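Accompanying notes for the structure given below.
Since this is a predicted model, take the numbers as computed values, not measurements. Residue numbers count from 1 along this sequence.
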Amino acid sequence: MSAAQRLAEARELLAEHPVVDGHNDLPWALRQQVRYDLAQRDIAGDQSAHLHTDIPRLRAGGVGAQFWSVYVRSDFAGDEAVSATLEQIDAVAQLIDRYPGDLVRALTADDMEQARATGRIASLMGAEGGHSINNSLATLRALHRLGVRYMTLTHNDNIDWADSATDEPRHGGLTDFGREVVREMNRVGMLVDLSHVAATTMRDAIAVSVAPVVFSHSSARAVCDHPRNIPDDVLALLPANGGVAMATFVPKFILPAAVEWTLAADENLRAHGFHHLDTTPEAMALHRVFEADRPRPVATAATVADHLDHMREVAGVDHIGIGGDYDGTAFTPSGLDDVAGYPNLVAELLARGWSKADLAKLTWSNAVRALRDAEAVARDLSATRGPSNAVI
């Protein structure tokens, strides 16, 4: 089969089994670039000059459901973090209201299936970092009522009850309150997201959780030794838990040669007064100057496929998915430049002998099943105990 034939087959498969993407930072990009002025970034048309994401490219990429990240930076703290998270949630609501023919609010697995049946993109939300609840289980429940269906336990920094993958260990994983957060997430039906957390936190959370966990945008540490990735012993826990590890496309997490380059590029941003996660035009201009003198190692769809091959081998095909992290990263792989690129990844996996049944699990079924199972757990738990009012 030729490459063109594989790509056509990939598009055909995605028409029936579209991508559930675990993580897209469009709301944060809209906050940074235009302070949520959607008229300035009308995603009904081509926004490739500014964003990785717009509706035509979501359609071209075969995306059927998107967990929009309602992320706020982890240096936001206390009530500031809560307020900013609410603004992010409001931005997603504005997007859904503005584009009702293409986007539809989804809260449940059934909602996702209904969206697929009507040809719209199911729009769910995930909060990226436990700092967004300011140590309050009531705030956690409020976010769930507003539609947030997963919470990443940490972002890049430790919080009062959980260790991050990219900070110095402080708790040795989860504290007692952190375990109570996981239990309360199980009770309300919010998926526990273990991207960004320390391996000790991953293990603690899986030991506590009676519902499937997810990794909304993490890849395999055995393939690229970065602390943001998932160790094999943790991947091996997913079948018993029912969870799903969604491979990310961020080059510094998937391509060993890109790790050192990105550290240097991030330091260059800081030296010029920018946050290292800044992707504004000014920051990207600095990156381009840096890259001119020091060529950037470039990942490809094959790089991501290497991770998925390994994750399938260790966790099993029922426990993997996709979480691109578009609009949350300065750089993307060649062939996966933006949200239109998913067919290229599926075509690469077809070339490696993945069956259509396995690809359908990767793109759609696994993520939907994890949410459905979490809903079932929540129904059982909420029938036997009420809300937790635990505090640190």
Side-chain angles (χ1 to χ4, degrees), residues 21 23-55 57-58 66 68-77 80-81 83-92 94-95 98 126-129 131-132 152 155-157 166 196 217 228 248-253 258 261-299 323-334 336-341:
D21 184 273
H23 196 87
N24 184 301
D25 275 302
L26 175 64
W28 184 257
L30 293 170
R31 179 188 180 95
Q32 277 200 309
Q33 293 183 21
V34 294
R35 191 63 194 186
Y36 306 126
D37 183 351
L38 303 187
Q40 289 192 58
R41 294 289 185 270
D42 184 0
I43 64 167
D46 180 13
Q47 289 295 328
S48 57
H50 308 288
L51 300 165
H52 295 144
T53 308
D54 53 47
I55 289 169
R57 285 181 289 167
L58 287 167
Q66 180 65 66
W68 302 108
S69 176
V70 291
Y71 154 81
V72 301
R73 279 193 346 222
S74 52
D75 56 349
F76 287 33
E80 180 190 24
S83 295
T85 302
L86 294 175
E87 291 170 353
Q88 290 279 89
I89 291 170
D90 181 72
V92 174
Q94 289 189 54
L95 286 167
R98 187 179 177 95
E128 191 174 14
H131 58 295
S132 287
T152 321
H155 191 245
N156 286 341
D157 300 308
T166 48
H196 278 288
H217 57 309
R228 269 283 282 106
T248 192
F249 300 169
V250 179
K252 65 182 177 182
F253 302 149
W261 186 93
T262 305
L263 288 172
D266 289 351
E267 189 56 41
N268 181 60
L269 281 186
R270 293 188 193 97
H272 287 85
F274 288 84
H275 192 278
H276 70 281
L277 296 178
D278 199 330
T279 57
T280 59
E282 295 79 11
M284 293 306 296
L286 271 173
H287 272 316
R288 284 191 291 273
V289 171
F290 181 82
E291 189 176 357
D293 294 329
R294 188 170 177 175
R296 173 171 57 91
V298 177
D325 202 10
Y326 286 116
D327 284 308
T329 179
F331 304 106
T332 54
S334 175
L336 299 173
D337 306 85
D338 53 40
V339 296

Under the rule for side chain to side chain donor-acceptor pair (under 3.5 Å), what residues qualify as partners of S74, not counting sequence neighbours?
D157
Any sub-3.5 Å donor-acceptor pair from T248's side-chain atoms to G323's backbone N or O?
yes
Please identify each residue that fulfils side-chain contact (heavy atoms from CB on, under 4.5 Å) with V289, with sequence neighbours left out.
none
Straight-line distance of Q40 CD to Q47 CD, nearest 0.5 Å
10.0 Å
side-chain contact (heavy atoms from CB on, under 4.5 Å) partners of R288, counting only residues at least two apart:
M284, A285
Among residues two or more places apart or on two chains, list those pairs meeting salt bridge (charged side-chain N to carboxylate O under 4.0 Å, His left out) that have a residue in residues 25-36.
R31-E87, R35-E87
Could you tell me the separation between the CD1 atom of I89 and the CD atom of Q94, rounded to the nearest 0.5 Å?
13.0 Å
Quick check: does any side chain N or O of Q88 sit under 3.5 Å from a backbone N or O of Y71, one acting as donor and the other as acceptor?
yes
Results of salt bridge (charged side-chain N to carboxylate O under 4.0 Å, His left out) for R270 - residues two or more places apart only
E267
Examine distances only and state if a side-chain atom of Q66 and a backbone atom of D21 form a donor-acceptor pair shorter than 3.5 Å.
yes
By side-chain contact (heavy atoms from CB on, under 4.5 Å) - contacts of A81 (at least two apart)
V72, F76, H131
Check ring-ring contact (aromatic ring centres under 6.0 Å, His included) between F274 and all other residues, then give those that pass, not counting sequence neighbours.
none
Could you check, using the six-membered ring where one of them is a Trp, whether W28 and Y36 have ring centers closer than 6.0 angstrom?
no
Quick one: are R296 and V298 in side-chain contact, heavy atoms under 4.5 Å?
yes
Closer than 3.5 angstrom, by distance alone: can the side chain of H52 be matched with the main-chain N or O of D327 as a donor-acceptor pair?
yes
What's the verdict on side-chain contact (heavy atoms from CB on, under 4.5 Å) for L95 and L38, showing C-alpha distance, side-chain angles and the deciding distance?
CA-CA 8 Å; L95 286 167; L38 303 187; 4.0 Å; yes
For E80, check salt bridge (charged side-chain N to carboxylate O under 4.0 Å, His left out) against everything at least two apart and list the hits.
none
Closest non-hydrogen atoms of P27 and V92, given as atom of the first, atom of the second and distance, are CG-CG2, 3.7 Å
To the nearest 0.5 Å, what is the distance between CG on L51 and CG on L30?
6.0 Å
Min side-chain heavy-atom separation V70-E128 under 4.5 Å:
no
Residues passing the salt bridge (charged side-chain N to carboxylate O under 4.0 Å, His left out) test with D46, sequence neighbours excluded, are none
The side chain to side chain donor-acceptor pair (under 3.5 Å) partners of H50 (sequence neighbours excluded) come to R41
Taking the six-membered ring for Trp, are F249 and Y326 parallel (under 30°), tilted (30 to 60°) or perpendicular (over 60°)?
perpendicular
Side chain to side chain donor-acceptor pair (under 3.5 Å) filter on N156, not counting sequence neighbours, yields H196
Between F331 and H287, does the ring centroid distance fall short of 6.0 Å?
yes
Test applied, side chain to side chain contact (heavy atoms under 4.5 Å, CB included); reference residue, K252; option that passes from T329, L263, T262
T262
Among residues at least two apart in sequence or on other chains, which ones pass side chain to side chain donor-acceptor pair (under 3.5 Å) with W68?
S123
I43 and T53: CA distance, side-chain angles, deciding distance, side-chain contact (heavy atoms from CB on, under 4.5 Å) verdict
CA-CA 7 Å; I43 64 167; T53 308; 5.6 Å; no
